[in-house]
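Since the structure comes first, as structure tokens, the remarks are kept for the end.
Computed from a predicted model, the values in this text were never measured in an experiment. Below, read A as the first sequence line, B as the second, and so on, with proteins coming before strands; counting in each chain starts at 1.
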There are 2 protein chains.
Amino acid sequence: MPGMGRWQPDARGRLARAALELYVERGFDRTSVAEIAERAGLTERTFFRHYADKREVLFAGSSALQEVLAHAVAEAPGSATPLDAVAVALEGAAAVLEERQEHARQRQSVIDANTELQERELIKLASLSGTLAEALRERGVDEASAGLAAEVGIAVFKFAFRRWVDRTEEKELAQFVREALAGLRAVTADA
Amino acid sequence: MPGMGRWQPDARGRLARAALELYVERGFDRTSVAEIAERAGLTERTFFRHYADKREVLFAGSSALQEVLAHAVAEAPGSATPLDAVAVALEGAAAVLEERQEHARQRQSVIDANTELQERELIKLASLSGTLAEALRERGVDEASAGLAAEVGIAVFKFAFRRWVDRTEEKELAQFVREALAGLRAVTADA
DNA sequence: ACGTTTGATGACAGTCACTGACATCGCTCG
DNA sequence: CGAGCGATGTCAGTGACTGTCATCAAACGT
């Protein structure tokens, strides 16, 4: 198992916590990797052995969302339309974030304050879209519908997540997701 | 007017052309800013006076798309639904890219080969989404519908643009946009 | 028990993106 | 013709990231 060596355990987790703390305290661009490593009791070089770059330390958890989305789409009832399956998956992802809402909101405030981090977030979301599309294809959904449903699903999730983070209304993220999906159907239907 | 000084004219344009050439020839990350500047007959420092960073030189044209989208939404017929207005705007943007399809495809091949460039592209697209949403709000569209229609519109455009670049079928970009919008309505309608 | 191997880390030098400060040069305006 | 100005050059510096080799404690085989 990782982190069971002779050193302090969980070097990776210590780095992630130190990084988030410093990004909150002093801002992303006023924090150097050397400072993160120092707070974690490690060296700069070791930071880069655990995380590809200074931004990635905030996005390591996205692989967990990948799995949630993929499994949810795969296990959606066979009668579900592509968008139904996506909806189920998005609610699953919402539940994951809801469990760690404090961490999620703190992390998001750091991202919202820095353009480079926003870029990284967008490519992670695009990756999630790719995961959704792939899972839909494995259900037998045609290429075009899979790609569109995935892209649009992620667009809906971005929208819902923003409202949840903003805390204008106190609702669960999953509720915002349902409302955004209803809004989508309204926007695409009226003509 | 810019570029009318004592030096070779259009330093900015020379930098942009030199950069695209080198990115095509040797790849983005094997090209240094010093090399770009040298090919343009300038210094590295001057490159950074014209472009904020090494990636931005590929995305300077996106402000033109901003304007096209904003104007198209503003001038769409009053009877148009939010998604109709977005559709008109996307076809306008498609026309702009169609005029420079060779440049657009070459540029896209560079972007497709590099993750950092994909990140920058995504945030530019998100910015376009913001522009669309703002323009819709100025038409009196409510906040939620504006945000959703804009997000979904950009998602549709990404999808259409990809198919156009892939050249699997030889159609105009605007045609792919129309088909993607039809696909969107199908995906959101069937239940 | 002891030598070997292994995996995570440290140490260190190097490249390159990007920035701030100041010098230069010719064009323009008065 | 001299002063100001705008675009560029020069140079030094910071910090992200990488390659390479050394180190050390734990696990492993004999």
Worksheet item: Are any of Thr46(A)'s side-chain N or O atoms less than 4.0 Å away from OP1 or OP2 of dT9(C)?
Response: no
Worksheet item: Is the phosphate of dT9(C), meaning OP1 or OP2, less than 4.0 Å from a side-chain N or O of His50(A)?
Response: yes
Worksheet item: In whole angstroms, how far is the P atom of dT8(D) from the CG atom of Asp10(B)?
Response: 10 Å
Discussion item. Check this for me: does any side-chain nitrogen of one of Glu170(B) and Arg167(B) sit under 4.0 Å from a carboxylate oxygen of the other?
Written reply: yes
Item to complete: Starting at CD of Glu121(A), measure out to CG of Leu58(A) and round the result to the nearest 0.5 Å.
Response: 10.0 Å
Worksheet item: Residues in side chain to side chain contact (heavy atoms under 4.5 Å, CB included) with Glu44(A), at least two apart?
Response: Val33(A), Ala34(A), Phe48(A)
Practice prompt. Report the C-alpha separation of Lys54(A) and Arg120(A) in whole Å, then their side-chain angles, then the decisive distance to 0.1 Å, and conclude whether the side-chain contact (heavy atoms from CB on, under 4.5 Å) test is met.
Written response: CA-CA 11 Å; Lys54(A) 193 185 165 187; Arg120(A) 179 58 50 86; over 6 Å; no
Fill in: Contacts of type ring pair (Phe, Tyr, Trp, His ring centres under 6.0 Å), residue Phe28(A), not counting sequence neighbours
Tyr23(A)
Fill in: Test item: Arg178(A) side-chain N/O and Ala87(A) main-chain N/O as donor-acceptor pair under 3.5 Å
no
Worksheet item: Would you call Arg55(A) and Glu119(B) a salt bridge, using N to O less than 4.0 angstrom?
Response: yes
Worksheet item: Just by distance, with hydrogens left out, do Glu179(A) and Gln175(A) show a side-chain donor and acceptor under 3.5 Å apart?
Response: yes
Item to complete: Residues of residues 108-120 of chain A with any non-hydrogen atom less than 4.0 angstrom from an atom of DNA chain D: list those, numerically ordered, please.
Response: none
Discussion item. From CD of Glu56(B) over to C1' of dA17(C), roughly how many Å is that when rounded to an integer?
Written reply: 15 Å
Fill in: Interatomic distance where CZ belongs to Arg49(A) and P belongs to dT9(C) [whole Å]
8 Å
Worksheet item: Stepwise, does the side-chain contact (heavy atoms from CB on, under 4.5 Å) test hold for Val152(A) with Phe159(B)?
Response: CA-CA 10 Å; Val152(A) 168; Phe159(B) 185 82; over 6 Å; no
Worksheet, complete the sentence: When rounded to whole Å, the CZ to C1' distance for the pair Arg12(A) and dG7(C) reads 16 Å
Discussion item. Heavy atoms within less than 4.0 Å of DNA chain C: which residues of residues 13-25 of chain B have one? Give them sorted by number.
Written reply: none
Item to complete: On the 0 to 90° scale, with breaks at 30° and 60°, tag the Phe157(A)-Phe161(A) ring pair as parallel, tilted or perpendicular.
Response: parallel
Fill in: Set of side-chain hydrogen bond (donor to acceptor under 3.5 Å, both in side chains) partners for Glu116(B), sequence neighbours left out
none
Response to the item:
Nucleotide by nucleotide, nucleotides 12-18 of chain D touches protein heavy atoms under 4.0 Å in the pattern (B base, S sugar-phosphate only, - none) ----SBB
